*Asks:* 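Here's a structure for you.
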Amino acid sequence: MQTVKAHGAEIPALGLGVFRMSEAEVEAIVPAALDAGFAHFDTAQIYENEAALGRALAGAPRESLFLTTKVWVSNYSDARFLPSVDESLERLQVDQVDLLLAHWPGDSVPVADHIAWLNAAQAAGKTRFIGVSNYNRAELRAAIAASDAPLITNQIEIHPYLDQAPMAALAAQTGTALTAYYGMAN
């Protein structure tokens, strides 16, 4: 499988996101995806299906997988961020994810705080790599400036009906990969 490289990370170029899937759908589809050669799986706390993904991936060699999850904005606080990551790891049945993202920039918690918490999660060994999701260009610049560790991706909506050329240019300039969702539009 082709990979996308950014700041030392090699991310399988094609991944299976489980947004809007029920637990039953995740448990039915993920084994078929594994059989088809998928290695990259993407979930999030707000999807409420991390546990189903963990069950569906049980028995797959961990070193052959690339797991991404995202921390939801309701957990953007000193008291909740890291404990919520621990809860995600427990649901996913792993000690560490490959990529941990701040799901949305939000409007009530400074970007620098999201980034400090992501850095703390990485320093604690809860994730190999960190990144963001749904950040605009100004937020991405601020996040990169605030981070001790490289941000390897910004996961954003990308499809033929949405021009993301300015974001793609910024990503190229900063060495940050873009992870697309809604590739076929919604």
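Small disclaimer: the values here were computed from a predicted structure and weren't measured.
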*Asks:* When rounded to the nearest 0.5 angstrom, what is the spacing between CG in Asp86 and CG in Leu82?
*Replies:*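 If we round to the nearest 0.5 Å, Asp86:CG and Leu82:CG are 7.0 Å apart.
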*Asks:* Check the pair Gln122 / Leu100 against side-chain contact (heavy atoms from CB on, under 4.5 Å), numbers first and verdict last.
*Replies:* CA-CA 8 Å; Gln122 186 177 35; Leu100 182 67; over 6 Å; no
*Asks:* Please tell me whether Ile144 and Leu178 are part of a single hydrophobic cluster in this structure, the criterion being side-chain heavy atoms less than 4.5 Å apart.
*Replies:*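 Result: yes, single cluster for both.
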*Asks:* Are Ser88 and Glu50 linked by a side-chain donor-acceptor pair shorter than 3.5 Å?
*Replies:*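 There is such a pair (donor and acceptor under 3.5 Å, judged by atom type) between the side chains of Ser88 and Glu50.
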*Asks:* Kindly write out the residues that satisfy side chain to side chain contact (heavy atoms under 4.5 Å, CB included) with Asp148, not counting sequence neighbours, or none if the list is empty.
*Replies:*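 For Asp148 the side chain to side chain contact (heavy atoms under 4.5 Å, CB included) partners, ignoring immediate neighbours, are Asn119.
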*Asks:* CG of Leu53 to CD of Gln93: how many Å apart, nearest 0.5 Å?
*Replies:*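 The CG atom of Leu53 sits 9.5 Å away from the CD atom of Gln93.
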*Asks:* Could you report the tightest heavy-atom contact between Thr176 and His7, atom names first, then the distance?
*Replies:*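 Taking Thr176 first and His7 second, the nearest heavy atoms are N-NE2, 4.1 Å.
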*Asks:* Within the 4.5 Å heavy-atom criterion, are Gln45 and Glu87 side-chain neighbours or not?
*Replies:*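 A side-chain contact is absent here, since even the closest heavy-atom pair is not under 4.5 Å.
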*Asks:* Decide, yes or no, whether a salt bridge links Glu23 with Arg55 under the criterion of side-chain N to carboxylate O below 4.0 Å.
*Replies:*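 Yes, this pair counts.
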*Asks:* Ignoring hydrogens and angles, tell me if any N or O in the side chain of Thr174 forms a donor-acceptor pair with the backbone of Leu170 under 3.5 Å.
*Replies:*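 Checked: pair present.
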*Asks:* Where the side chain of His103 meets the backbone of Val73, is there a donor-acceptor pair that is under 3.5 Å apart?
*Replies:*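 A pair under 3.5 Å: no.
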*Asks:* Test of understanding: clusters of I, L, V, M, F, W, Y form through side-chain heavy atoms closer than 4.5 Å, transitively. Do Leu34 and Ile11 belong to the same one?
*Replies:*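 Per the 4.5 Å side-chain linkage, Leu34 and Ile11 are not co-clustered.
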*Asks:* If you take all heavy atoms of Phe41 and Ala33, which pair is closest and at what distance?
*Replies:*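 That would be CE2-CB, 4.0 Å.
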*Asks:* Hey, are the side chains of Ile29 and Met21 touching, using non-hydrogen atoms and a 4.5 Å cut-off?
*Replies:*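 Sidechains of Met21 and Ile29: in contact.
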*Asks:* Does the side chain of Glu139 come within less than 4.5 Å of Val132's, by heavy atoms?
*Replies:*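 Counting from C-beta outward, Val132 and Glu139 never come under 4.5 Å.
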*Asks:* Please check if atom CG in Asp35 has more than 12 non-hydrogen atoms from other residues, nucleotides or ligands closer than 6.0 Å.
*Replies:*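 Enclosed: over 12 neighbouring heavy atoms sit under 6.0 Å from CG of Asp35.
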*Asks:* Donor-acceptor pair, distance only, cut-off 3.5 Å: does the side chain of His114 make one with the backbone of Val109?
*Replies:*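 Side chain of His114 to backbone of Val109, a donor-acceptor pair under 3.5 Å: yes, one is there.
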*Asks:* Verify side-chain contact (heavy atoms from CB on, under 4.5 Å) between Arg128 and Phe66, making sure each step is shown before the conclusion.
*Replies:* CA-CA 10 Å; Arg128 292 183 350 161; Phe66 192 95; 4.0 Å; yes
*Asks:* For Arg62 and Gln96, indicate whether the former's side chain and the latter's backbone hold a donor-acceptor pair under 3.5 Å.
*Replies:*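 Yes; at least one donor-acceptor contact below 3.5 Å.
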*Asks:* Are Val4 and Leu16 connected into the same hydrophobic cluster when the rule is that any two of I, L, V, M, F, W, Y join if their side-chain heavy atoms are below 4.5 Å apart?
*Replies:*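 Leu16 does not cluster with Val4.
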*Asks:* Side-chain contact, heavy-atom cut-off 4.5 Å: Tyr182 with Phe19?
*Replies:*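 Counting from C-beta outward, Tyr182 and Phe19 do come under 4.5 Å.
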*Asks:* What closest approach, in Å, do Arg91 and Ser84 show between heavy atoms, and which atom pair accounts for it?
*Replies:*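 Taking Arg91 first and Ser84 second, the nearest heavy atoms are NH2-O, 4.4 Å.
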*Asks:* Begin from the C-alpha positions of Thr69 and Thr127 and carry the test side-chain contact (heavy atoms from CB on, under 4.5 Å) through to its verdict.
*Replies:* CA-CA 10 Å; Thr69 197; Thr127 183; over 6 Å; no
*Asks:* Check the pair Trp117, Val85 against side-chain contact (heavy atoms from CB on, under 4.5 Å), reporting the backbone distance first and the verdict last.
*Replies:* CA-CA 10 Å; Trp117 297 321; Val85 174; over 6 Å; no
*Asks:* Return the minimal non-hydrogen interatomic distance between Leu67 and Asp98, and the atom names on each side.
*Replies:*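 In this case the closest contact between Leu67 and Asp98 is N-OD2, 2.7 Å.
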*Asks:* Spell out, yes or no, whether Leu89 and Leu99 are grouped together once hydrophobic residues are joined by side-chain heavy atoms under 4.5 Å, including indirect joins.
*Replies:*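 Leu89 does not cluster with Leu99.
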*Asks:* Distance-only criterion, 3.5 Å: show the donor-acceptor pairs between side-chain atoms of residues 151-158 and protein atoms not counting sequence neighbours.
*Replies:*
| residue | atom | partner | partner atom | Å |
| --- | --- | --- | --- | --- |
| Thr153 | OG1 | Ala177 | O | 3.0 |
| Thr153 | OG1 | Thr179 | N | 3.3 |
| Thr153 | OG1 | Thr179 | OG1 | 2.7 |
| Asn154 | OD1 | Asn134 | N | 3.4 |
| Asn154 | OD1 | Tyr135 | N | 3.4 |
| Asn154 | ND2 | Tyr135 | O | 2.9 |
| Gln155 | OE1 | Lys70 | NZ | 3.4 |
| Gln155 | NE2 | Asp42 | OD2 | 2.9 |
| Glu157 | OE2 | His159 | NE2 | 2.7 |

*Asks:* Check for me, please, whether Leu92 and Trp72 land in the same ILVMFWY cluster - side-chain distances under 4.5 Å, paths through other members count.
*Replies:*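 Leu92 and Trp72: one cluster.
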*Asks:* Please report the closest heavy-atom contact between Val30 and Leu57, naming both atoms and the distance.
*Replies:*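 Shortest heavy-atom contact: CG1-CD2, 3.6 Å.
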*Asks:* Around atom CD of Glu25, are there more than 12 heavy atoms from other residues, nucleotides or ligands closer than 6.0 Å?
*Replies:*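 It does: Glu25 CD has more than 12 such atoms within range.
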*Asks:* Identify the two heavy atoms, one from Val26 and one from Ala52, that lie closest to each other, and give their separation to 0.1 Å.
*Replies:*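 Residues Val26 and Ala52, closest heavy atoms: CG1-C, 3.7 Å.
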